[in-house]
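For reference, the structure is listed below as C-alpha cells.
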Amino acid sequence: MKYILLFFILLLTTINASNVDKYNNIDAFVISENGDDYKNITYEEYKKKKLKDFTIKMGINKKSLEEKVYYLTVIADMKSLVYTNAKYKIEDHMMIIKLDSSTPSDLYFKYSYEKENRAKFRFNVISSFEYKNVLPFEGILYGLAYGIIFSAFIYYLLIYFSTRRRCFLYYSIMQMFVLLSLIGFVYFSFKPYPETFPQALIDIFETSAFLFTFLFTKEILDSKKQMPFINNILNLFVFLNLADILAILVFDFSILYEYIYFYVSFLVTSIAGFVSILKGNKNATFYTLGWFVLFCFVFAYEYEFIPLSGIYTIHIAAPFESLIFSFALAFMLQDLVKKQHEQEKMLMHKSKLASMGEMINNIAHQWRQPLMHLGYINMNLEMSSEQNEFEKEFFVKKIKESNTQIKFMSKTIDDFSSFYEVEKEKQNFLVSNACNLAINIISSTLKKKKIEIELDLKSECEIKGYENEYAQVVLNFLTNSVDVLINRKIKNPKIYISIELVANKSILKVIDNAGGVKEENLNRVFESYYSTKKRGSGIGLYMSQLIIQSHFNGEIKVHNEKQGACFSIEV
C-alpha cells in the first residue's frame with residue numbers, strides 16, 4: 001500500500017511545462033528588433049539585454065474566439081508605445097484588450113525608449129467572468145486575504161508563546177511567508193518585467209512557506225510516531241525545500257517549483273492528513289480538509305477547471321485555507337486545554353496527598369514531646385503502684401498533667417484539620433493571621449532544628465480569598481526554606497518574614513539565609529515536576545503559583561538576595 005501511495009505521488013510530480021497562454025488564445029509570441037525579422041522571446045536572452053526600439057507580435061487563435069470572449073491584459077511602458085493595431089483601454093495599471101471574433105489575427109505593439117533599456121512587456125489572458133466579476137474588486141480581495149492571513153499569523157504566534165507547542169509556531173511562520181509571497185505576487189503584477197533580486201526574494205518566501213507547511217504537518221500529525229512511512233515522505237519534501245532555498249541563493253530562482261507543480265505539495269499534506277484520520281486521529285479532519293481545498297483550487301487552476309488567474313486563485317484559496325485551519329487548530333487547542341485541566345486536577349490531587357503527608361509528619365513532630373510526657377507519667381504511676389505509695393495529691397497532679405498533654409494533642413488535631421479544610425466561600429482575612437497559621441503548623445520542626453523565625457509586620461493587610469490556601473502557600477515557602485537550611489547545614493539558620501502594604505497591594509516576603517537558588521534554576525522553580533531536591537515532587541511551588549494566580553489574581557515571585565532566596569506573594 002505504501003509503495004502504491006509513493007508511486008501515485010511521484011506520478012503527479014510531473015515536469016511543470018507552463019503554457020504561454022492558459023486559454024490557448026495566443027498562437028505566437030515573438031519579438032523584432034528591426035521591425036521586420038521576428039524571433040521567439042527567451043527569458044535568458046532578454047534578461048539583461050537592452051534595446052532602444054522593439055516590436056512585439058502576438059498571433060491570435062481565432063478558432064478559440066468563435067463562441068467565447070476573453071480579455072488580454074498587458075503590462076508595459078505606456079509612454080513608450082508608438083504603435084498598436086489593438087483596440088484597448090487603460091484600467092488602473094494595465095492595458096485591457098478585448099479578444100473576440102473581430103480581433104485581428106496578429107496584434108502588434110511597437111515601443112521606442114529614449115534610452116536603451118530592457119524590453120518590458122508582460123501579458124495575461126483572463127476570462128470574461130474574471131474581467132467582469134473579479135478584476136473590479138481585486139483591491140477588496142487582496143485586502144481581505146491579507147487581513148485574514150495576518151490575523152492568523154499573529155493569533156497563532158501568541159498561542160505558541162502561551163502553549164509552547166511547535167505546531168502553532170510552524171503554522172504562524174508559514175502564514176507569514178504566505179503573506180509575504182502574496183504581497184510579492186501583487187508587486188510583480190504591477191511590473192512589466194521581473195527584476196532578479198525581488199524575484200529571488202519572493203521565491204525564497206514561497207519555498208519557505210512550503211518548508212514550514214511540511215514542518216507543521218509533521219508536528220500536528222505527530223507523523224514520526226504515528227506514521228513513520230509518511231514521515232519519511234514529509235522529511236524528503238523538507239529536504240527538497242531546504243535545498244531549493246540554497247539553490248535560489250545561488251541561481252536567483254526556484255529550481256524545485258520550476259519543475260514540480262505547486263499542487264503536489266498540497267496533495268502530499270492532504271494524503272498525510274487522510275492517513276492520520278484512518279489511524280483514528282479525529283483532529284486531523286479539518287486539517288485534511290484545509291489542505292485538500294487548497295489542492296483542489298491550485299489543481300483546478302493548472303488544468304483550467306476554473307475561470308481565474310493564478311494570482312486571484314491563490315488570493316482566494318490561501319485565506320480560505322486559513323479559515324478552515326482555524327477550526328482545526330481550535331479543536332486542537334480545545335483538546336490541549338482539556339488535557340491541561342486534567343493535568344492540573346492530577347497535580348492538585350498529588351499536592352493534596354503531599355500536604356497530607358506533611359500534615360502527618362508535622363503532627364508526629366507536635367505529638368512526640370507530649371507522648372513522651374505521657375509515658376513518663378505512666379512510668380511514675382507504675383512505680384508508685386509497685387511501691388504501694390498511693391498518695392491522693394500525687395495521683396491528682398499526674399492526672400492533671402496527662403489531661404493537659406491530651407488537650408494539647410487534641411488542639412493540635414483541631415488546628416491541622418481546620419488548616420487543611422476546604423473553604424467554600426471567599427472571605428476577608430488578615431495576611432498576618434494566615435502567616436501565623438503556617439508558622440504554627442511547622443513550629444515543632446523549627447524548634448527541633450533550632451531555626452530562628454522572625455515575623456516583621458510593617459503594615460496590616462486584609463485581602464479576600466481562601467485563608468487556608470494562602471496559608472498553605474506560605475507553608476510551602478517555609479518548608480522549602482527549612483529543607484534547604486537543613487541540607488546545606490547552615491550555621492545559625494534563620495527565616496525572615498515581612499508583611500507590608502505597597503500601592504494597595506499586600507506583599508509578603510519569605511527570606512532565608514541558605515545562600516539562594518542557583519541562577520540556572522531560578523526561572524524554573526515554578527514549573528510542574530521540576531525540583532532541585534533529590535526526592536522532591538516538583539509540584540509544591542507549581543501549585544502555589546496556580547493558587548495565587550487563579551484564586552487571588554495575584555503574583556508569586558522569586559529572586560536571590562545577599563543571604564538567600566526571597567519568595568514573595570503580591571495580592
Margin query: Quick check on ring pair (Phe, Tyr, Trp, His ring centres under 6.0 Å): which of F168, Y171, Y170, Y156 does F216 satisfy it with?
Written below: Y171
Notebook entry, point to check: For the side chain of S309 and the backbone of I311, is there at least one donor-acceptor N/O pair under 3.5 Å apart?
Noted result: no
Notebook entry, point to check: Of all residues at least two apart in sequence or in a different chain, which pass the side-chain hydrogen bond (donor to acceptor under 3.5 Å, both in side chains) check with S223?
Noted result: N231
Next item on the list: Give a yes or no answer on whether the side chain of K557 reaches the backbone of E570 with a donor-acceptor pair at less than 3.5 Å.
Entry: no
Next item on the list: Over 60° means perpendicular and under 30° means parallel, so classify the ring planes of F299 and Y303, tilted if in between.
Entry: tilted
Notebook entry, point to check: Taking atom OG of S128 and atom OH of Y70, what is their separation to the nearest 0.5 Å?
Noted result: 9.5 Å
Item checked: Approximate separation, where rounding is to 0.5 Å, of E321 CD and L289 CG -> 10.5 Å
Anything under 3.5 Å between a donor and an acceptor, one on a side chain of residues 176-187, the other on a protein residue two or more places apart or in another chain? List them.
residue, atom, partner, partner atom, Å
S181, OG, F177, O, 2.8
S181, OG, E206, N, 3.2

Notebook entry, point to check: Is it the case that N25 and S64 place a side-chain donor and acceptor less than 3.5 Å from each other?
Noted result: yes
Check: side-chain hydrogen bond (donor to acceptor under 3.5 Å, both in side chains): which pairs involve residues 233-249, sequence neighbours left out?
Finding: T207-D244, K218-N235, N241-Y257, D244-S254
Checklist line | Y146 and H315: CA distance, side-chain angles, deciding distance, ring-ring contact (aromatic ring centres under 6.0 Å, His included) verdict | finding: CA-CA 8 Å; Y146 300 156; H315 273 83; 5.4 Å; yes
Margin query: If you define the side chain from C-beta out and look only at heavy atoms, does anything of F237 sit under 4.5 Å from T213?
Written below: no
Checklist line | Residues, nucleotides or ligands: over 12 heavy atoms within 6.0 Å of Y160 OH | finding: yes
Item checked: Heavy-atom pair of closest approach, residues A272 and I230 -> CB-CG2, 3.6 Å
Checklist line | Pairing residues for Y131 by the side-chain hydrogen bond (donor to acceptor under 3.5 Å, both in side chains) criterion, not counting sequence neighbours | finding: K89, E91
Check: How are the rings of Y111 and F54 set to each other: parallel, tilted or perpendicular (split at 30° and 60°)?
Finding: parallel
Check: When rounded to the nearest 0.5 angstrom, what distance separates CD1 in I556 from CG in L546?
Finding: 10.5 Å
Item checked: Nearest-0.5 Å distance, CZ of residue F109 to OH of residue Y88 -> 9.5 Å
Check: Is the shortest side-chain N to carboxylate O distance from K52 to E116 below 4.0 Å?
Finding: no
Next item on the list: Mind checking side-chain hydrogen bond (donor to acceptor under 3.5 Å, both in side chains) for S80 and listing every partner two or more places apart, or none if nothing turns up?
Entry: D77
Note to self: Using modelled atom types and a 3.5 Å cut-off, is there a donor and acceptor pairing between side-chain atoms of N560 and backbone atoms of V517?
What the structure shows: yes
Check: Under the criterion ring pair (Phe, Tyr, Trp, His ring centres under 6.0 Å), which of W291, F205, F266 is the partner of F210?
Finding: F266
Next item on the list: Walk me through it: do Q549 and N553 pass the test side-chain hydrogen bond (donor to acceptor under 3.5 Å, both in side chains)?
Entry: CA-CA 5 Å; Q549 289 179 346; N553 196 27; over 6 Å; no
Check: Would a distance-only check, ignoring hydrogens and angles, find a side-chain to backbone donor-acceptor pair under 3.5 Å from T84 to Y108?
Finding: yes
Notebook entry, point to check: Should we count CZ of F274 as having more than 12 external heavy atoms under 6.0 Å?
Noted result: no
Notebook entry, point to check: Counting N and O atoms only, with roles assigned by atom type, does the side chain of R122 sit under 3.5 Å from a partner on the main chain of F188, one being a donor and the other an acceptor?
Noted result: yes
Notebook entry, point to check: Does the distance from a Lys or Arg side-chain N to an Asp or Glu carboxylate O, for R165 and E219, drop under 4.0 Å?
Noted result: no
Notebook entry, point to check: Looking only at heavy atoms, which two atoms of A284 and G273 are closest? And how far apart?
Noted result: CB-O, 4.0 Å
Margin query: As a quick check of understanding, evaluate side-chain hydrogen bond (donor to acceptor under 3.5 Å, both in side chains) for Y38 and T55, giving each step before the final call.
Written below: CA-CA 9 Å; Y38 288 91; T55 303; 4.8 Å; no
Notebook entry, point to check: Are I507 and I569 close enough that some pair of their side-chain heavy atoms sits under 4.5 Å apart?
Noted result: no
Check: M174 and A209: which non-hydrogen atoms are nearest, and at how many Å?
Finding: CG-O, 3.5 Å
Check: With distance as the sole test, does D106 use its side chain to make a donor-acceptor pair with the main-chain N or O of A28 at under 3.5 Å?
Finding: no
Check: So do L99 and V69 actually touch side chain to side chain, heavy atoms under 4.5 Å?
Finding: no
Note to self: Is the shortest side-chain heavy-atom distance between Y46 and I41 below 4.5 Å?
What the structure shows: yes
Notebook entry, point to check: Considering all heavy atoms of both residues, which atom of A318 and which atom of L294 are nearest to each other, and what is their separation?
Noted result: N-CD1, 4.0 Å
Item checked: Qualifying residues under side-chain hydrogen bond (donor to acceptor under 3.5 Å, both in side chains), relative to S102, sequence neighbours excluded -> D100
Item checked: Expected output: side-chain S112 to main-chain D53 donor-acceptor under 3.5 Å -> no
Margin query: Please find the pair of heavy atoms, one from L107 and one from N85, that lie closest to each other, and give the distance.
Written below: CA-OD1, 3.4 Å
Margin query: Can you see whether E138 engages Y312 through a side-chain donor-acceptor pair at a distance of less than 3.5 angstrom?
Written below: yes
Notebook entry, point to check: Quick one: are L215 and V238 in side-chain contact, heavy atoms under 4.5 Å?
Noted result: yes
Checklist line | Beyond-backbone contact of I126 with N124, side-chain heavy atoms, under 4.5 angstrom | finding: yes
Next item on the list: Return yes if some donor-acceptor pair links the side-chain N/O of N281 with the main-chain N/O of I277 below 3.5 Å, else return no.
Entry: no
Notebook entry, point to check: Does I96 reach the side chain of L135, with side-chain heavy atoms less than 4.5 Å apart?
Noted result: yes
Margin query: If you count heavy atoms of other groups shown closer than 6.0 angstrom to NZ of K62, is the number above 12?
Written below: yes
Note to self: Looking at F197, I want to see if its CZ is surrounded by more than 12 non-hydrogen atoms of other residues, nucleotides or ligands under 6.0 Å.
What the structure shows: no
Checklist line | Donor-acceptor pair between Y287 and T217 side chains, under 3.5 angstrom | finding: yes
Margin query: Can you tell me how far apart NZ (K57) and CD1 (I31) are? Round to the nearest 0.5 Å.
Written below: 13.5 Å
Next item on the list: Please state whether the rings of F150 and F153 are parallel, tilted or perpendicular, taking 30° and 60° as the class boundaries.
Entry: tilted
Item checked: Within 6.0 Å of NZ in K79, more than 12 heavy atoms from elsewhere -> no
Item checked: Residues K49, E45: salt bridge by 4.0 Å N-O rule -> yes
Checklist line | Pairwise side-chain contact, L221 with S276, heavy-atom cut-off 4.5 Å (strictly under) | finding: yes
Margin query: Hydrogens and angles aside, do S32 and D37 bring a side-chain donor and acceptor to less than 3.5 Å of each other?
Written below: no
Next item on the list: Can you measure from CG (L249) to CG (D203) and round to the nearest 0.5 angstrom?
Entry: 11.0 Å
Notebook entry, point to check: So, for M78 and I90, which heavy atoms are closest and what is the spacing to 0.1 Å?
Noted result: CE-CD1, 3.5 Å
